[in-house]
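Note that the structure is predicted; figures quoted are calculated from it, not measured.
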Amino acid sequence: MKINKRHIIALALLFSSPAFSLPADYGRKESPDLTLWYDKPASQWEETLPLGNGRLGMMPDGGIEREHIVLNEISMWSGSEADYRNPKASESLPAIKELLMQGKNKEAQERMFSDFVPVQPETGNTYGAFQMLADMYVDYVYPDTGSVRSYRRQLNLDESVAYTTFTKGRTNYVRGYFVSRDKDVIAVHLKTDRPASLHFRLTLSRPERGILRKPCEGKLELTGELDSGNPQRQGVRYAAVAEVKLSGEKSRLRPQENALEAVSADEAWIIVSAATSFLSGEVYQTKAERLLADVTGKEECLNTLKQETVQSYRHLFGRTGVSLPENAVISTLPTDRRLEAFQKQDDPSFAALYYNYGRYLLISSTRPGSLPPNLQGLWAKEPGTPWNGDYHANINIQMNHWPVEPGNLSELYQPLIDLTKRLVPNGEASAKAFYGENAKGWVLHMMTNVWEYTAPGGHPSWGATNTGGAWLCAHLWEHYLYTGNKRYLSEIYPILKGASEFFLSTMIKEPRHGWLITAPSSSPENTFYVGTDRTPVSVCMGPTMDIQLVRELYTNVIDAAAVLHTDTAYTRQLKEALKQLPPHQISRKGYLMEWLEDYEETDIHHRHVSHLYGLHPGNQISLVKTPELAEACRQTLNRRGDGGTGWSRAWKINFWARLGDGNRAYSLLRNLLHPAYTPTTPSQHGSGTFPNLFCSHPPFQIDGNWGGTSGISEMLLQSQDGFINLLPAIPDSWTEGRFYGFKVRGGATVSLEWKDGKPQRVEITGGWNPDITLKMPGKVRRVLVNRKKEKPDDYMKLSLKKGEKAVIVFKF
């Protein structure tokens, strides 16, 4: 789309004030790796642009006559705390284990279906769901009856600001949208270049459980209480308050019963504040009103609001970034058409945009003192989100956090750490209720929510997986590997130990080899056949992922105890147990086995590839240390295929990156970025990516976004094997590029420039661990470290204090 010179000059004059500056991309070539843009309003929610500050969010559709802006708050959760313990579960456990020992998986599964399930409260849905906050509608009236020209809707990733701009008749209009991190409010700024030409009507509503009132002129307030599922308990209560501030000699607010009508304004601000009783307690309504008043009560606050928002956001976003070569033909297309073109033409800068967008989404959807991003991050369009919008602990909440540490956003781990801490008491109760009084420690199965749910899922075919806590502990340990904070390690050590105690006290020996295994369990959501019986079965003993997670957990506890100089006797028990865990097994056909037995899968293309956890995100399998197992993983992935749901395709990018195959990883990235629907069939959503680059399961599920972000990071830099590996899996077309600010284990920061597919210059800044090992790129003739010649061995050892830099130049 071209913007004429007259339009540029008019807009530049209009928005030269410090309160609202012109989008940086106007009047120059767009930045293809930092801008999402469209030449028409969104026709459905999956085309709208997400904004957020880690607690509050909004998604405007950029409508011309009527604009729909969906508002969100991270703690809008229905449901309440409840007791799901089932005494039948632990009573039935010996019989279930015995059936599994006899190879009678089907019978064991039938027993589990009847007995090893949570007791559902009779009062209602106490589990609850993440919900939208409100619908905000802005109906516009235009003094000019002419057609709309030069329409543009865009999101600037370097600002965290979205814009809608167009010309109607003789008037130019610009709307700006952002969510302030510092002032903690939602802001919509409306301006035109003709005096008294801004007219609109604002309303707030909600599909259910919302009461709208007008507390005073210029304000609307929406309040309500979400369903707790229990008549004896209050649900989460919320308040959303909107205020309109106008400027212009002729501007005024016209009286309306349950709306705000602005007429003849030169400029307008719509400021929205919201709070809930979940995060703010009984003062939630007062907090919402105070946050609003702190901004709207002072004109200078409005004038500096955007500038402060951008500055606070850039403190996080500006730490890290990726730039890749542009395709001059398609990189300037609107993002929806660029997404379609990416399937036919290579566009490396689109991958860079996707990576930068992933970090943007993380910054926007969580923050310390808030909650972790859920299945939808922060954004929901309805009261009943798919899969309750909860936290699935068999891949999804974990995938949400894969890019956090490598992407230099360490503080965004805090909400997940806090959630894990809160799960422990319920996890201890669930351990004893479902696994017997002799069970120690705590357990989390495959799902949880803000009410600290730790019981099995409602159906054992998918809900019996009991390694969710072990997987979360892997994240707690990962945070330590990047930060080196021993005080933090001492805080989370009891959580790690408690998770290990559960498995140490409940695992049993299988009859054939005497291996220690989990039982009963399942390989997440996958099924198999036993013998000639064609009944799909999921319940089993010792699936590969369980063993990998337990091995990793025990190892991490042993290492943590050594750092803290504690628990010598206990770690001896763990070391002895480690020797008795089953080894990885390779089938006769060459693929890594998913279960103790080489069962026949009901679907060889199943979306979960859980048994490759040891390849990624774990590090028990690698090209360097276990090449035979790495080859078995390669065979497994070839057998599984490159399809699957959105998040499944994203995980496979990471697998292939760990296997050093950049072209295959890039092929999977293209699969992930396959349009979820076509312009001719907009209601038929499939797997892939929506026009606003949200991942489609389908429906929208944000874990695929962050899995893809992680995959791109893994293609560019790895450190899981104890050394820094530069460009371990770049595709052929990424001939040149740069990244900066990437973090590695040990806390060092790495920035890199490359040409012809080879590293040219790398800058490493020391972290908490001074000892750094760098794998030397192949065919290097000469190496300069801070301008001094070094011998180009296979590996280079560096010692860097925290903050100390080493600049390394490679000559080929």
Side-chain angles (χ1 to χ4, degrees), residues 14-15 17-23 48-62 67-74 133-138 140 153-165 173-192 198 200 202-204 218-222 239-247 251 260 262 265-275 287-314 360 363-365 367 378-379:
L14 173 61
F15 296 101
S17 70
F20 201 83
S21 58
L22 190 70
T48 61
L49 293 170
L51 297 124
N53 68 357
R55 185 181 75 86
L56 296 174
M58 69 167 157
M59 296 187 70
D61 68 2
E67 182 163 36
H68 181 199
I69 303 175
V70 182
L71 306 179
N72 293 108
E73 203 279 348
I74 195 68
L133 173 62
D135 290 305
M136 185 165 75
Y137 290 96
V138 188
Y140 297 95
R153 184 169 57 92
Q154 76 180 49
L155 171 62
N156 287 1
L157 299 183
D158 61 340
E159 290 186 324
S160 74
V161 179
Y163 300 91
T164 298
T165 64
Y173 294 87
V174 173
R175 308 171 192 161
Y177 321 81
F178 55 91
V179 188
S180 169
R181 297 186 72 82
D182 299 323
K183 296 297 191 291
D184 208 8
V185 295
I186 293 167
V188 180
H189 192 191
L190 311 173
K191 291 191 77 172
T192 75
L198 192 57
F200 63 89
L202 175 73
T203 58
L204 283 177
K219 288 185 181 181
L220 291 175
E221 183 177 64
L222 184 70
V241 191
E243 183 172 356
V244 171
K245 302 290 286 186
L246 304 178
S247 62
S251 66
L260 299 176
D266 300 348
E267 178 181 0
W269 284 94
I270 301 169
I271 306 295
V272 182
S273 175
K287 180 178 179 180
E289 293 168 352
R290 177 182 58 77
L291 288 170
L292 185 70
D294 287 347
V295 173
T296 60
K298 300 176 183 178
E299 185 176 346
E300 58 269 25
C301 285
L302 289 176
N303 291 336
T304 60
L305 188 59
K306 181 200 168 191
Q307 181 181 352
E308 290 175 354
T309 298
V310 173
Q311 185 176 0
S312 180
Y313 163 77
R314 282 179 175 166
Y360 164 83
I363 296 166
S364 301
S365 60
R367 63 189 296 171
L378 166 66
W379 301 280

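- A donor-acceptor pair is defined here as one N or O able to donate and one able to accept, closer than 3.5 Å; such a pair exists between the side chain of S364 and the backbone of Y360.
- By the side chain to side chain contact (heavy atoms under 4.5 Å, CB included) test, S180 pairs with D182, K183, V185, L305, T309, sequence neighbours left out.
- Residues I69 and Y177 form a side-chain contact, since some pair of their non-hydrogen atoms from C-beta on lies under 4.5 Å apart.
- Of the residues listed (L260, L190, I186, L220), the one engaging I270 in a side-chain contact (heavy atoms from CB on, under 4.5 Å) is L190, and it is the only one.
- Put simply, the side chain of L204 reaches to within 4.5 Å of the side chain of L71, judged on heavy atoms.
- No side-chain heavy atom of L51 sits less than 4.5 Å from a side-chain heavy atom of W379.
- Listed by chain and number, the residues in a salt bridge (Lys or Arg N to Asp or Glu O under 4.0 Å) with D184 are R55 (sequence neighbours excluded).
- In terms of the side chain to side chain contact (heavy atoms under 4.5 Å, CB included) criterion, residue partners of E221 (sequence neighbours excluded) are, by chain and number, R213, P215, T223, V241, Q285, E289.
- Minimum interatomic distance between A239 and A288 (heavy atoms only, all atoms of both residues): O-CB, 3.9 Å.
- Taking each heavy atom of A134 and L222 in turn, the nearest pair found is CB-CD2, 3.6 Å.
- Annotation: the span from T165 atom OG1 to K191 atom NZ amounts to 14.5 Å, rounded to 0.5 Å.
- Within the 4.5 Å cutoff, no side-chain heavy atoms of I271 are placed close to those of K245.
- No donor-acceptor pair under 3.5 Å is formed between the side chain of R153 and the backbone N or O of P60.
- With sequence neighbours excluded, no residue forms a salt bridge (Lys or Arg N to Asp or Glu O under 4.0 Å) with E243.
- Taking every heavy atom of both residues into account, V310 and D158 meet most closely at CG1-O, 4.4 Å.
- Residues R175 and E67 are in side-chain contact: their nearest non-hydrogen atoms beyond the backbone lie under 4.5 Å apart.
- Scanning for side chain to side chain contact (heavy atoms under 4.5 Å, CB included) contacts around A274 gives L56, L133, A240, with sequence neighbours left out.
- Between A268 and H189, the shortest heavy-atom distance links the atoms O-CD2, 3.3 Å.
- For the residue pair L155 and P50, the shortest heavy atom distance occurs at CD2-O, 4.1 Å.
- A distance of 3.5 Å separates NE2 in H68 from CG in D135, rounded to the nearest 0.5 Å.
- Counted within 6.0 Å of CD on Q311, heavy atoms from surrounding residues, nucleotides or ligands total 12 or fewer; the atom is thus considered open.
- The OH atom of Y313 sits 9.5 Å away from the CG atom of N156 when rounded to the nearest 0.5 Å.
- Between E267 and L198, every side-chain heavy-atom pair lies at or beyond the 4.5 Å cut-off.
- Although no hydrogens or angles enter the test, the distance criterion places no donor-acceptor pair under 3.5 Å between the side chain of N53 and the main chain of V179.
- By the 4.5 Å heavy-atom criterion applied to side chains, V70 and T48 are not counted as neighbours.
- Shortest non-hydrogen contact noted between T164 and G62 is OG1-CA, 3.7 Å.
- Within the 4.5 Å cutoff, the side chain of R367 has no heavy atoms near those of the I74 side chain.
- The side-chain hydrogen bond (donor to acceptor under 3.5 Å, both in side chains) check on N72 picks up nothing, with sequence neighbours excluded.
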